[in-house]
Amino acid sequence: MTEAADLADPAGNLKAFVRTRASLGPEDTVVWWTGNVHAQVPGENFRQLFRFEGFSIGRIEEVDGGYRFLAREAAFYQDPRTGEILSTWANPVTGAEDEVLHIWNDPVNMELLLDGPRGPWRAPVTEVGDEVMWAQDILLAYPSPLPVADFPDNSADDMYRAAELFQFFCRRSDLDRADLASVPCRFSWARLSPWLPWMRMGGRPGGLVFHCHGTKLGGYDELPEHLRKYVAEHNPSYAHAPEEWSAPNETSWTYFRKRYPGGIGQEPPV
């Protein structure tokens, strides 16, 4: 059964985006990505530091005025040559051996509302033939969870400034299939960010460029086996989406503060 999705109408745009990014059905949605992390330092060439691989697992619940997306995400810094998930890292800038703090962000929730805090809903979308391309440029600037005075080795600024740049790709012929609660989707993601807190780079000039690509999977069992094995050994709750809404969201910076409330020099809490 076909029914043309009206992407110019806010309600039609929202519903189509939810079907692209997640699913209107009750099942968990899993998206997987892989890519690289590069260092950018003024006056120097870019340098690859890591491979980077991860996933998000979430589910949609319908609420008054739209939807909520309940999700958690995990991602792992890998050896750029072998792809091995790292436990320590020889920092080529400082010469130090750093403990790697992988991404375990729970929750990473979103409200997708027709009339939200930022006004009426409309996700920017471009159509070329049967291709539908969604763009999300998320430009962040807010007080850092790691003030420089308290975390001089782990923070470069009292403001957290970063750019998260997403592109989602699907087909109009899939969106127009009313029987598809979830539409096949590929995506790309780039992030421009400060040095990670666990790198102990303090106020050194420069930062990181993440560049990844990925796809929506049919379920958790379709993740690469080495990721499922690592999750089972370290944090098995990430095999399922959250059951209840919670706030605030976790980030690499807030997770670092929970693990090291006094900075890297202090033992993590048991």
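As the structure is a prediction and not an experimental result, all values here were calculated from the model.
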Do you reckon Tyr77 sits in the same ILVMFWY cluster as Val209, going by side-chain contacts under 4.5 Å, direct or chained? no
Go through the steps to decide whether Arg204 and Thr94 satisfy the test side chain to side chain contact (heavy atoms under 4.5 Å, CB included), and finish with yes or no. CA-CA 10 Å; Arg204 289 176 182 266; Thr94 65; 3.8 Å; yes
Taking atom types as modelled and ignoring hydrogens, do the side chains of Glu99 and Trp198 form a donor-acceptor contact shorter than 3.5 angstrom? no
Can you hop from Ile138 to Leu192 via hydrophobic side chains spaced under 4.5 Å? no
Report the distance from atom OH of Tyr142 to atom CE of Met159, rounding to the nearest 0.5 Å. 9.5 Å
Should we count NZ of Lys15 as having more than 12 external heavy atoms under 6.0 Å? no
Tightest non-hydrogen contact, residues Cys185 and Phe168, listed as SG-CD2, 3.9 Å
Any sub-3.5 Å donor-acceptor pair from Asp130's side-chain atoms to Ser173's backbone N or O? yes
Non-hydrogen side-chain atoms of Trp89 and Leu49 separated by less than 4.5 Å: yes
Student check: side-chain heavy atoms of Leu7 and Glu127 closer than 4.5 Å: yes
Distance (rounded to the nearest 0.5 Å) between Leu139 CG and Leu165 CG: 7.0 Å
Looking only at non-hydrogen atoms, find the nearest pair between Leu146 and Pro197 and report the distance. CD1-CG, 3.5 Å
What are the two closest non-hydrogen atoms of Gly25 and Ser23, and how far apart are they? N-OG, 3.0 Å
Does a sphere of radius 6.0 Å around CD in Glu233 hold more than 12 heavy atoms from other residues, nucleotides or ligands, not counting ones at 6.0 Å or beyond? yes
Does Val148 share a hydrophobic cluster with Tyr160, counting links as ILVMFWY side-chain heavy atoms below 4.5 Å and allowing steps through other members? no
Identify the two heavy atoms, one from Pro145 and one from Phe151, that lie closest to each other, and give their separation to 0.1 Å. O-CE1, 4.4 Å
Transitively linked via ILVMFWY side-chain contacts under 4.5 Å: Val100 with Tyr255? yes
Considering only distance and modelled atom types, tabulate donor-acceptor pairs under 3.5 Å from the side chains of residues 107-125, sequence neighbours left out.
from   : atom 1 : to     : atom 2 : distance (Å)
Asn109 : OD1    : Ala71  : N      : 2.9
Asn109 : ND2    : Ser246 : O      : 2.9
Trp121 : NE1    : Asn13  : OD1    : 2.9

Determine whether a donor-acceptor pair (N or O, by modelled atom type, separation under 3.5 Å) exists between the side chain of Asp176 and the backbone of Ala5. yes
Looking at Arg59 and Leu70, would you say the former's side chain and the latter's main chain have a donor-acceptor pair under 3.5 Å? no
Kindly indicate, with the supporting measurements, whether the criterion side chain to side chain contact (heavy atoms under 4.5 Å, CB included) is fulfilled by Asn249 and Asn105. CA-CA 8 Å; Asn249 283 341; Asn105 288 345; over 6 Å; no
Any side-chain heavy atom of Asn91 within less than 4.5 Å of one from Trp195? no
Would you indicate whether the side-chain heavy atoms of Leu208 and Leu196 approach each other to under 4.5 Å? yes
Minimal non-hydrogen separation, Tyr238 against Phe55, with atom names: O-CE1, 3.4 Å
Heavy-atom closest pair (Thr215 atom, Phe187 atom, distance to 0.1 Å) is N-CE2, 3.4 Å
Heavy-atom check, side chain of Ile85 versus side chain of His234, under 4.5 Å: no
Got Gln78 and His226 here, is their nearest side-chain heavy-atom distance under 4.5 Å? yes
Please answer: with hydrophobic residues joined when any side-chain heavy atoms are less than 4.5 Å apart, are Trp189 and Val132 in the same cluster? yes
Between Arg171 and Glu131, is there a side-chain N and carboxylate O pair less than 4.0 Å apart? yes
Donor-acceptor contact below 3.5 Å, side chain His240 vs main chain Ile57: no
Has Asp28 got a side-chain atom pairing as donor or acceptor with Ala241's backbone, closer than 3.5 angstrom? yes
Contact between Asn154 and Phe256 at the side-chain level, heavy atoms closer than 4.5 Å - yes or no? yes
Determine whether a donor-acceptor pair (N or O, by modelled atom type, separation under 3.5 Å) exists between the side chain of Arg72 and the backbone of Ser237. yes
Does the side chain of Thr126 come within less than 4.5 Å of Met133's, by heavy atoms? yes
If you measure from NE2 on His102 to OH on Tyr230, what distance do you get to the nearest 0.5 Å? 4.0 Å
Answer yes or no: are there more than 12 heavy-atom neighbours, outside Glu225 itself, under 6.0 Å from its atom CD? no
Separation of Leu180 CG from Leu24 CG (nearest 0.5 Å): 10.5 Å
Compile the donor-acceptor pairs under 3.5 Å between side chains in residues 62-69 and protein atoms, sequence neighbours left out, one pair per line.
none

Would Ser144 and Asp157 count as a side chain to side chain contact (heavy atoms under 4.5 Å, CB included) if you check the C-alpha gap in whole Å, the side-chain angles of each, and the deciding distance to 0.1 Å? CA-CA 7 Å; Ser144 174; Asp157 196 327; over 6 Å; no
Main-chain N/O of Ala22 paired to Ser182 side chain as donor or acceptor, under 3.5 Å: yes
Which donor-acceptor pairs under 3.5 Å do side chains of residues 30-44 form with protein atoms, sequence neighbours excluded?
from  : atom 1 : to    : atom 2 : distance (Å)
Trp32 : NE1    : Glu53 : OE2    : 2.9
Asn36 : OD1    : Gln48 : NE2    : 2.8

Go through it in stages, so that I can follow the logic: the residues are Phe52 and Arg191, the test is side chain to side chain contact (heavy atoms under 4.5 Å, CB included), and I'd like the CA-CA distance, side-chain angles, deciding distance and then a yes or no. CA-CA 12 Å; Phe52 188 65; Arg191 175 205 273 170; 5.7 Å; no
Is a side-chain donor or acceptor of Arg228 paired with a backbone partner of Leu223 at a separation under 3.5 angstrom? yes
As an exercise, state the distance from CD of Glu164 to CG of Leu140, rounded to the nearest 0.5 Å. 6.0 Å
Heavy-atom neighbours of Asp137 CG exceed 12 at 6.0 Å: yes
